[in-house]
Amino acid sequence: MSSSDHIIFQPQQAEVETQQLGPYQLTTLIPESDEIHMTAYRVKVKPRSTTSIGYHVEAEEIYYVIAGNGTAILNGEVHALQAGDFLRLPPKTKHGFVTGDQALVMLDIHSPGSRPDRDIFFTDDTPDGFSARS
């Protein structure tokens with residue numbers, strides 16, 4: 001069985017790869033070596049932050065808000081966010097987030113997978129740690 005063919009179970013306390021990329025803290029839930037058709041992250045956007053507007057050419061993206069609140073900017077439209085909200089973003093959906101006094105914590109799933117150096121593009125400044133290449 002190859003590493004990508006096994007079940008992944010990560011208890012909440014498990015040590016997993018976490019990266020600080022601009023205002024984003026990305027916790028990798030599927031290690032790149034185990035990736036098959038998707039990527040999954042726990043995304044935390046710092047309080048009082050505005051992210052750059054980004055998009056994916058290939059990946060469909062799903063967000064589920066776990067905690068906090070803020071605003072999603074989706075193709076220029078503003079949507080208030082709170083815990084329990086769900087977003088499905090087709091490829092090429094331009095999106096960004098604004099937070100208030102609380103961090104915004106979300107589950108983020110891409111299919112096919114997207115990583116900070118793969119299928120991520122920005123309409124303005126590329127945040128530290130991201131590489132806009134396909």
Side-chain angles (χ1 to χ4, degrees):
M1 182 183 330
S2 75
S3 64
S4 62
D5 291 339
H6 73 274
I7 294 169
I8 296 172
F9 170 74
Q10 280 183 5
Q12 184 176 359
Q13 301 81 12
E15 288 189 34
V16 291
E17 178 187 349
T18 298
Q19 299 174 283
Q20 190 67 46
L21 303 169
Y24 300 95
Q25 181 184 62
L26 263 65
T27 301
T28 301
L29 301 175
I30 300 174
E32 189 166 9
S33 60
D34 292 331
E35 182 182 328
I36 302 172
H37 300 291
M38 67 178 63
T39 52
Y41 303 95
R42 185 173 37 253
V43 175
K44 184 176 183 179
V45 182
K46 293 180 180 181
R48 294 172 296 286
S49 295
T50 300
T51 69
S52 295
I53 301 295
Y55 62 97
H56 308 282
V57 173
E58 296 179 23
E60 176 176 14
E61 188 166 21
I62 292 173
Y63 283 100
Y64 182 80
V65 181
I66 298 168
N69 55 50
T71 303
I73 302 159
L74 308 174
N75 285 337
E77 292 184 27
V78 176
H79 302 270
L81 291 177
Q82 62 183 1
D85 287 349
F86 173 84
L87 306 168
R88 183 247 180 190
L89 309 179
K92 301 179 184 161
T93 301
K94 293 179 180 157
H95 57 284
F97 301 97
V98 179
T99 59
D101 291 336
Q102 298 179 347
L104 184 61
V105 182
M106 301 175 285
L107 174 64
D108 181 23
I109 299 170
H110 303 89
S111 180
S114 175
R115 296 211 169 259
D117 66 348
R118 185 173 78 231
D119 192 34
I120 179 69
F121 302 91
F122 294 92
T123 62
D124 47 10
D125 294 332
T126 299
D128 290 341
F130 285 94
S131 167
R133 62 180 183 189
S134 58

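From a predicted model like this one, the values you see are computed outputs, not experimental measurements.
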Checking Lys46 against Gln25 for the side-chain contact (heavy atoms from CB on, under 4.5 Å) test, could you report, in this order, the C-alpha distance in whole Å, the side-chain angles of both residues, the deciding distance, and whether it holds?
CA-CA 8 Å; Lys46 293 180 180 181; Gln25 181 184 62; over 6 Å; no

Do other residues, nucleotides or ligands put more than 12 heavy atoms under 6.0 Å from the CG atom of Asp124?
yes

What's the separation between atom CD in Glu35 and atom CD1 in Ile8, rounded to the nearest 0.5 Å?
10.0 Å

Over all heavy atoms of both residues, which pair between Glu58 and Pro91 is shortest? Give the atoms and the distance, please.
O-CG, 3.5 Å

Looking at residues at least two apart in the chain, or sitting in another chain, which of them share a side chain to side chain donor-acceptor pair (under 3.5 Å) with Ser111?
none

Indicate yes or no for a side-chain donor-acceptor contact from Thr39 to the backbone of Ser114 under 3.5 Å, with no hydrogens or angles considered.
yes

Which value, rounded to the nearest 0.5 Å, describes the distance between His79 atom NE2 and Thr71 atom OG1?
10.5 Å

OG1 of Thr50 to CZ of Phe97: how many Å apart, nearest 0.5 Å?
12.0 Å

Can you name the nearest heavy-atom pair linking Asp34 to His6, along with the distance?
OD1-CE1, 3.1 Å

Which atom pair, heavy atoms only, marks the closest approach of Gly68 to Leu104?
C-CD1, 4.1 Å

Measure the shortest side-chain to side-chain distance between Leu89 and His56 over non-hydrogen atoms and say whether it is less than 4.5 angstrom.
no

Spacing of Glu77 atom CD and His95 atom NE2 [to the nearest 0.5 Å]
15.0 Å

Would you say Thr99's side chain and Gly70's backbone share a donor-acceptor pair under 3.5 angstrom?
no

Is there side-chain contact between Gln82 and Val65, with heavy atoms separated by less than 4.5 Å?
no

Decide whether Met38 and Tyr64 are clustered together by the hydrophobic rule: side chain heavy atoms of Ile, Leu, Val, Met, Phe, Trp, Tyr closer than 4.5 Å, transitively.
yes

Flag side-chain contact, heavy atom, 4.5 Å: Thr27 against Glu17:
no

For residues Thr93 and Glu61, determine if any side-chain heavy atom of one lies less than 4.5 Å from a side-chain heavy atom of the other.
no

So which heavy atom on Leu21 is nearest to which on Gly129, and how close?
CD2-CA, 3.4 Å

Go through Met106 and Ile66 one step at a time and tell me if the side-chain contact (heavy atoms from CB on, under 4.5 Å) criterion holds.
CA-CA 5 Å; Met106 301 175 285; Ile66 298 168; 5.7 Å; no

Working to the nearest 0.5 Å, report the span between CD1 of Ile53 and CG of Asn75.
9.5 Å

Are side-chain heavy atoms of Asp101 and Arg48 found at a separation under 4.5 Å?
yes

In terms of hydrophobic clusters joined by side-chain contacts under 4.5 Å, are Val45 and Ile73 together?
no

Examine Tyr55 together with Phe121 and report whether their ring centres are nearer than 6.0 Å.
yes

Minimal heavy-atom distance between Leu87 and Ala72, with the atoms involved, is CD1-CB, 4.4 Å

Side-chain heavy atoms under 4.5 angstrom apart, residues restricted to Ile, Leu, Val, Met, Phe, Trp, Tyr: same cluster for Ile30 and Ile109?
yes

Nearest heavy-atom approach of Asp85 to Leu81 is OD2-CA, 3.4 Å

State plainly whether the residues Arg42 and Asp108 are in salt-bridge range, i.e. N to O under 4.0 Å.
no

Test of understanding: with salt bridge (Lys or Arg N to Asp or Glu O under 4.0 Å), list the residues that count as partners of Asp125, not counting sequence neighbours.
none

Determine whether the aromatic ring centres of residues Tyr41 and Tyr24 are separated by less than 6.0 angstrom.
no

Between CG on residue Leu29 and CD on residue Gln10, distance to nearest 0.5 Å:
5.5 Å

